[in-house]
Amino acid sequence: MNEESSSLPFEVGVRKEANKSSDKGHKDTITNRKRIEAIIPSEKTDSVLSTLESMHIQATFYESKGMGKGEKYMISYGKGGKTTKMPYSIKHTVVTIVDENKVGEVINAIRQSAGTEGKSNVGIMVISSVDDILTIWITSDTVSYD
């Protein structure tokens, strides 16, 4: 970590997570990681997160709005209860990063837990390579209270 003088009352550090795992006496092996983003119906988010948690995989999610083929959002307004269809649908995007050898298992688990009877297409998944992972932390060791 490069330490530079800062005018901030705290230090901000960045630690790069090694993309190699090393064991003593063994050759270093490169672990390739993949980022999986699943855009799914909001009501399936809890099911997908529970499935990933049971596999000991951490994930995060956020609300996303898109103008794709999904069911559009209806809003009512004004007197008389007028309604209008919004030009976007509301979904949730679940994001996780896994080792390359677990990608197939995670994809199948998400498909099964996000599936809806009677519908063949309920969302999309995007898989991309991860070159580096950085961990960011803030330490307050330099804060002084005078």
Side-chain angles (χ1 to χ4, degrees), residues 1-77 81 83-143 145:
M1 177 173 83
N2 292 338
E3 292 189 26
E4 299 176 11
S5 62
S6 172
S7 61
L8 298 173
F10 53 86
E11 294 177 18
V12 178
V14 178
R15 179 178 64 208
K16 182 176 179 179
E17 185 177 312
N19 206 13
K20 296 181 180 181
S21 60
S22 59
D23 296 327
K24 289 185 179 181
H26 293 89
K27 187 177 178 182
D28 288 345
T29 58
I30 297 174
T31 304
N32 293 324
R33 297 206 176 116
K34 299 288 185 180
R35 176 184 165 119
I36 301 173
E37 294 180 64
I39 302 170
I40 58 172
S42 301
E43 63 270 9
K44 295 295 184 174
T45 306
D46 289 337
S47 173
V48 170
L49 292 175
S50 295
T51 300
L52 293 175
E53 185 179 24
S54 71
M55 297 170 68
H56 305 290
I57 294 174
Q58 297 177 348
T60 189
F61 75 96
Y62 52 90
E63 185 178 279
S64 49
K65 297 178 183 180
M67 298 180 67
K69 296 179 184 178
E71 200 172 314
K72 305 301 185 222
Y73 179 63
M74 296 293 289
I75 187 169
S76 25
Y77 62 94
T83 61
T84 186
K85 188 181 279 190
M86 299 307 286
Y88 54 84
S89 58
I90 298 176
K91 303 256 184 175
H92 277 168
T93 301
V94 177
V95 181
T96 187
I97 298 173
V98 297
D99 289 336
E100 190 173 40
N101 61 352
K102 291 186 177 183
V103 170
E105 181 183 351
V106 172
I107 288 172
N108 289 332
I110 292 172
R111 277 185 181 154
Q112 289 177 356
S113 60
T116 304
E117 286 187 35
K119 291 186 179 180
S120 61
N121 184 6
V122 295
I124 58 174
M125 277 192 263
V126 177
I127 295 97
S128 54
S129 295
V130 175
D131 294 331
D132 295 314
I133 297 175
L134 302 175
T135 303
I136 302 170
W137 74 93
I138 299 174
T139 59
S140 58
D141 295 340
T142 59
V143 176
Y145 300 98

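Between Val95 and Tyr62, the closest side-chain pair of non-hydrogen atoms falls below 4.5 Å. Inter-residue side-chain proximity for Ile110 and Thr51 is flagged as unmet; no heavy-atom pair is nearer than 4.5 Å.
The stretch residues 34-56 participates, sequence neighbours left out, in these salt bridge (Lys or Arg N to Asp or Glu O under 4.0 Å) pairs: Lys34-Glu100, Arg35-Glu37.
Atoms CD1 and CD1, from Ile40 and Ile124 in turn, are 12.0 Å apart once rounded to the nearest 0.5 Å. Distance check: Met125 CE to Ile39 CD1 gives 10.5 Å after rounding to the nearest 0.5 Å. Distance NZ/Lys102 to CD1/Ile97: 13.5 Å, rounded to 0.5 Å. Atoms CG and CD1, on Leu49 and Ile57 in that order, are 11.5 Å from each other to the nearest 0.5 Å.
Nearest approach of Ser113 to Ser47, heavy atoms of both residues: O-OG, 3.0 Å. Minimum heavy-atom separation, His92 to Glu63: CD2-CA, 3.5 Å. The two residues Ile90 and Ser42 make their nearest non-hydrogen contact at O-OG, 3.8 Å.
In this structure, Thr96 contributes its side chain and Gln58 its backbone to a donor-acceptor pair below 3.5 Å.
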